[in-house]
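Naming convention: chains lettered A, B, ... in sequence-line order (proteins, then strands); numbering from 1 in each chain.
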Amino acid sequence: VIRYALTRLSLLVLGLVVASALIFVTLRVLPGDVAQLVAGLNASPEQVQALRDHLGLDRPLPEQYVEWIGGVLTGDLGTSQLTGTPVASELAEKAQVTVPLGLLSLTVALLISLPLGVLSAVRRDRADGTALSVGAQTLAAVPVVWAGMMLVVVFAVWLGWLPAQGFPRAGWADPAAALRSLLLPAVTIGVVEGAMLLRFVRSATLQAVGQDHVRTAAAKGLTRRQALLRHGLPSVGLSIITVLGLQVAGIIVGAVVIEQLFSLPGIGRMLVVDVGNRDLPKVQGELLTLTGIVLLLGFVVDLVHRVLDPRQREA
Amino acid sequence: MLRRTAAAALALLAAGALALTACSGGAEPAATTAAAPDPDASATIRLVSEPGNLDIRETAGAALDQILIDNVYEGLVSRTAEQKIVPTLASDYEVADDGLTYTFTLREGITFHDGQPLTPDDVVWSLQQVKDTATYRDSARLARVQSIAAEGQTITLTLSEPDSTLLWNLTGRAGLILKKDDATDRKTAANGTGPFRLDDWKQGDSITFVRNDEYWGRKAGLAEIVFAYIPDTQAALTGALAGELDAVTGFDATLTPQIEANGDFTVVTGESTDKGTLAMNSTRAPLDDIRVRKAIRQAIDKESIVEALGAGTTLYGPIPELDPGYADLSETAPFDPKAARALLADADAEDLELTLTIPSFYGTTVSQILVSNLDDVGITLRVDQVEFPTWLSDVYGNKDYDLSFVLHTEAHDFENWADPDYYFTYDNPEVQRLYTQSLSETEPDAAADLLREAAQLVAEDQAADWLYNGASVVAVASGLRGMPSVNVNERLDLAELTKSDG
């Protein structure tokens with residue numbers, strides 16, 4: 001396992017290096033730069049060039065890349081070209097919105113998909129089971145934006161229970177208010193992601209029910225339910241951990257959309273604004289952090305899998 | 001398509017919701033109208049675009065002027081909603097008959113937000129810095145100022161030539177007075193003399209102002225103002241309907257029935273200097289042919305654009321009604337698709353294919369009408385929606401475009417038509433001469449007449465097309481009084497704003 005972990009870890013590092021280079025190069029291909037944006041609609045080419053020189057935008061790309069990576073290695077993600085604030089502190093501030101939002105969405109997705117997924121598998125021959133799986137198919141096809149708008153109209157505009165947009169300016173100093181403002185966005189992402197997960201749980205359960213050891217257990221006198229719960233679910237859990245890695249990437253993408261829709265000051269919205277401002281050091285830092293999280297989760301999932309899956313254990 | 005359907009569904013649902021609340025609501029509204037303003041109140045105002053940073057000296061963009069000028073930073077003079085120039089930090093000013101000497105009397109006892117006093121030295125330093133630093137916005141607007149000097153509380157500006165735009169320019173960025181050698185980081189903080197202090201900027205979310213209790217003039221009517229940056233129209237609408245916003249600027253006028261339905265909001269429209277400008281690259285065939293440009297102008301139905309936007313008026317020349325030099329120039333290219341086709345045939349330019357470069361935040365309303373109008377006269381229009389930085393690079397910087405659409409919001413910006421290097425690609429020496437002459441004029445009316453003459457030439461040359469003169473559309477909650485409605489994209493002076501419990 002340790003040797004596997006080391007190999008896997010070197011893959012993770014390699015992945016990050018490749019990702020950093022890709023991020024750096026793709027961003028340089030984008031037309032327009034921050035100097036032009038700062039200079040605006042009444043600037044002469046000379047003024048724009050003066051700003052460019054001042055910001056060091058014209059330095060050779062390899063030099064800029066090495067400088068950036070050197071900083072990252074020493075824990076410095078760089079500073080915003082527009083405001084001069086460190087990227088890391090901005091990220092930490094926005095993470096206070098996005099991380100709870102992601103966790104909450106994941107919780108909602110699991111709360112929906114686990115019980116309902118197993119249920120729809122176990123009762124697959126009955127009307128309610130079929131209805132569940134058809135319902136999930138439909139929900140999974142719903143665009144996140146539409147789901148969000150419907151929830152806002154019902155819970156914020158009609159009932160007035162939850163805020164329609166925004167995040168309290170005091171942040172988590174008022175935990176109740178902060179949580180309330182994340183609830184609708186989290187349910188929006190959670191329902192859509194949960195519906196996708198549900199289908200996966202369903203097929204994993206179906207597979208488990210058909211497995212030899214579960215059938216043997218049932219033959220030894222356990223009821224079908226007992227057999228499934230004791231012997232089938234561990235393998236269901238295993239496959240779900242695998243999908244969760246992918247699911248997190250889905251939730252991050254969902255957060256970018258949902259933070260726009262609900263005007264939440266999170267990483268997703270910051271990313272959109274910074275790309276629009278061509279504040280490249282910030283965008284780089286943000287993208288690298290997000291990529292890092294996804295890659296790291298993939299790493300952890302693989303390790304857990306290795307430890308838990310009896311078939312892979314002996315290697 | 002998806003957005004449309006969703007919006008329609010939302011509208012239906014919202015209408016239903018409003019019908020429900022209307023049934024359950026009692027005699028509430030009567031109570032709110034009588035309530036007195038609450039000096040401790042806080043108001044939340046939706047704005048569309050957030051500035052990249054707060055540097056009023058170096059960073060361009062109306063998003064900064066809109067909130068910072070008048071509210072946080074002040075100049076010797078300022079402009080009213082009626083576009084009149086009034087003394088501000090100066091108690092009085094005088095312009096010599098020859099237009100070469102401007103004297104201002106600086107008020108005494110004014111302090112900056114950090115407690116330091118405002119001195120004549122600060123005024124001289126501020127103006128001199130703007131004049132001498134080429135990367136400062138509007139630095140060129142002080143080009144004719146030869147010297148800036150102070151004696152006691154009297155500030156004297158001496159000019160090399162008369163400048164009919166100087167006082168106006170001093171109401172803008174060029175005239176703002178900052179503390180000499182101030183260490184404040186202008187990118188994220190502000191130290192001005194205005195009725196509000198910048199309290200907090202949560203990037204990607206909001207900017208908060210609090211009342212400056214030490215203000216030299218009449219104190220602001222609100223204790224706190226929160227500018228909530230909400231680019232998404234639907235989010236702004238639902239935020240307003242849920243009672244989270246007190247005013248929505250940049251409101252989509254076509255959603256007026258929804259927001260007004262339950263009586264909590266009133267949509268107010270005011271004049272603006274927003275010019276929906278369709279630039280035509282006249283350095284490129286076939287647009288170098290005036291007949292082609294005129295045909296394009298005559299093919300576009302301006303009335304239908306104004307109707308689709310739900311607000312604003314038509315505009316047929318470079319100067320809007322709010323600015324000096326306005327004239328109705330509709331006769332230079334009246335809507336006439338038949339004449340347009342004839343012109344194109346005459347120019348041997350049938351079956352044209354052109355590309356429109358348009359920043360994506362303008363939506364699709366205007367470009368859809370353009371595509372269909374131009375199709376009617378045999379021009380195939382390809383719409384290239386780009387991010388704003390891409391537009392700045394391709395169109396503004398490299399002049400690499402056929403047609404371009406941008407809403408030019410700035411007031412008094414005729415100078416761009418007199419600048420052959422501007423992205424408009426318009427080069428008429430006579431227009432340049434008239435503009436320079438208007439600058440040197442000492443009588444405001446005479447200066448305006450010269451601009452009017454120049455604008456007429458620009459329109460007759462079919463230098464570009466003006467699709468509409470936008471309106472400032474603001475949805476205001478009941479209980480809010482004194483919300484500005486004129487040209488709010490440029491200036492949002494909130495000192496008079498008050499709120500009573502609603």
Side-chain angles (χ1 to χ4, degrees), chain A residues 30-34 36-48 50-51 54 80-85 90 93-94 97 143 145-146 149-150 152-154 156-160 162-167 169 171 259-266 269-270 272-279, chain B residues 2-3 5-6 9-10 13-14 16-17 20-21 50 52-55 58-61 134-135 137-140 185 187-188 200 202-206 208 226 228-232 234-236 238-239 241-244 386-394 396-397 406 408 410 413 415-416 421:
Chain A
L30 285 180
D33 65 23
V34 68
Q36 212 144 20
L37 209 82
V38 165
L41 280 178
N42 282 309
S44 64
E46 294 76 40
Q47 285 177 314
V48 179
L51 273 168
H54 179 66
S80 157
Q81 274 169 342
L82 277 169
T83 61
T85 13
E90 278 287 309
E93 193 192 311
K94 309 295 184 215
V97 173
V145 175
W146 189 82
M149 278 206 281
M150 291 304 112
V152 167
V153 167
V154 175
V157 179
W158 280 3
L159 300 171
L162 294 165
Q165 53 85 41
F167 191 71
R169 271 178 305 132
E259 284 177 4
Q260 296 289 113
L261 190 68
F262 285 90
S263 296
L264 293 174
R269 194 168 159 209
M270 172 167 69
V272 173
V273 169
D274 290 339
V275 172
N277 282 338
R278 293 291 187 269
D279 195 344
Chain B
L2 178 81
R3 252 187 93 89
T5 336
L10 180 81
L13 275 174
L20 276 177
T21 46
E50 184 180 8
N53 67 36
L54 304 181
D55 192 339
E58 290 207 323
T59 304
T135 53
R137 296 298 98 217
D138 293 354
S139 170
D185 180 6
K187 288 179 170 144
T188 52
D200 184 33
K202 276 179 83 77
Q203 286 176 47
D205 184 54
S206 60
T208 306
V226 179
Y229 289 100
I230 308 176
D232 191 274
Q234 293 298 330
T238 50
L241 291 177
E244 291 153 17
V386 297
E387 274 186 295
F388 189 55
T390 310
W391 183 91
L392 277 175
S393 166
D394 293 353
Y396 186 84
V406 155
H408 281 267
E410 212 183 340
D413 63 353
E415 59 190 339
N416 294 330
D421 292 328

So which residue, B/His408, B/Gln203, B/Lys202, B/Lys187, ends up with the most heavy-atom pairs under 4.5 Å with chain A? B/Gln203

Do you know which two heavy atoms are closest between A/Gly166 and A/Leu264, and how far apart they sit? O-CD2, 3.4 Å

Can you tell which part of A/Glu259 gets under 4.5 Å to a heavy atom of chain B, answering side chain, backbone, both or neither? neither

With B/Tyr229 via ring pair (Phe, Tyr, Trp, His ring centres under 6.0 Å) - residues at least two apart: none

Under 4.5 Å, counting heavy-atom pairs only, tell me which of B/Asp413, B/Leu54, B/Thr208, B/Val406 racks up the most with chain A. B/Thr208

Contact origin within B/Asp185 toward chain A - heavy atom pairs under 4.5 Å: side chain

Answer with side chain, backbone, both or neither: which region of B/Thr188 has an atom nearer than 4.5 Å to a non-hydrogen atom of chain A? side chain

Please identify, among A/Gly276, A/Pro45, A/Gly160, the residue contributing the most non-hydrogen atom pairs under 4.5 Å to chain B. A/Gly276

Check whether any side-chain heavy atom of B/Glu244 sits under 4.5 Å from a side-chain heavy atom of A/Ser263, and report yes or no. no

Working to the nearest 0.5 Å, report the span between CD of A/Gln165 and CD1 of B/Ile230. 4.0 Å

Check whether A/Thr85 gets within reach of chain B through its side chain, its backbone, both or neither, counting any heavy atom under 4.5 Å. side chain

Chain B heavy atoms under 4.5 Å from A/Val275: which part of the residue, side chain, backbone, both or neither? both

Rounded to the nearest 0.5 Å, the CZ atom of A/Arg278 sits from the CG atom of B/Leu392 at a distance of 9.5 Å

Heavy-atom pairs under 4.5 Å with chain A are the metric here; pick the option from B/Val226, B/Asp200, B/Asp138 that has the most. B/Val226

Please look at A/Glu46 and chain B and tell me whether the side chain, the backbone, both or neither of the residue comes under 4.5 angstrom of a heavy atom of that chain. neither

Locate the shortest heavy-atom distance separating A/Pro265 from A/Phe167; write the atom from each residue and the value. CD-CB, 3.4 Å

Pair count under 4.5 Å, heavy atoms only, with chain B: among A/Gln81, A/His54, A/Glu93, A/Lys94, highest is A/Lys94

Sort out for me which of A/Leu261, A/Asn42, A/Val152 touches chain B most, counting heavy-atom pairs under 4.5 Å. A/Asn42

A/Gln36 vs A/Asp33 side-chain heavy atoms within contact, under 4.5 Å: yes

Under 4.5 Å heavy-atom distance to chain A, tell me which part of B/Ser206 shows up: side chain, backbone, both or neither. side chain

Who among A/Thr83, A/Val34, A/Val273 has the most heavy-atom pairs with chain B under 4.5 Å? A/Thr83

Examine the side chains of B/Thr135 and B/Glu58 and answer whether a donor and an acceptor come within less than 3.5 Å of each other. yes

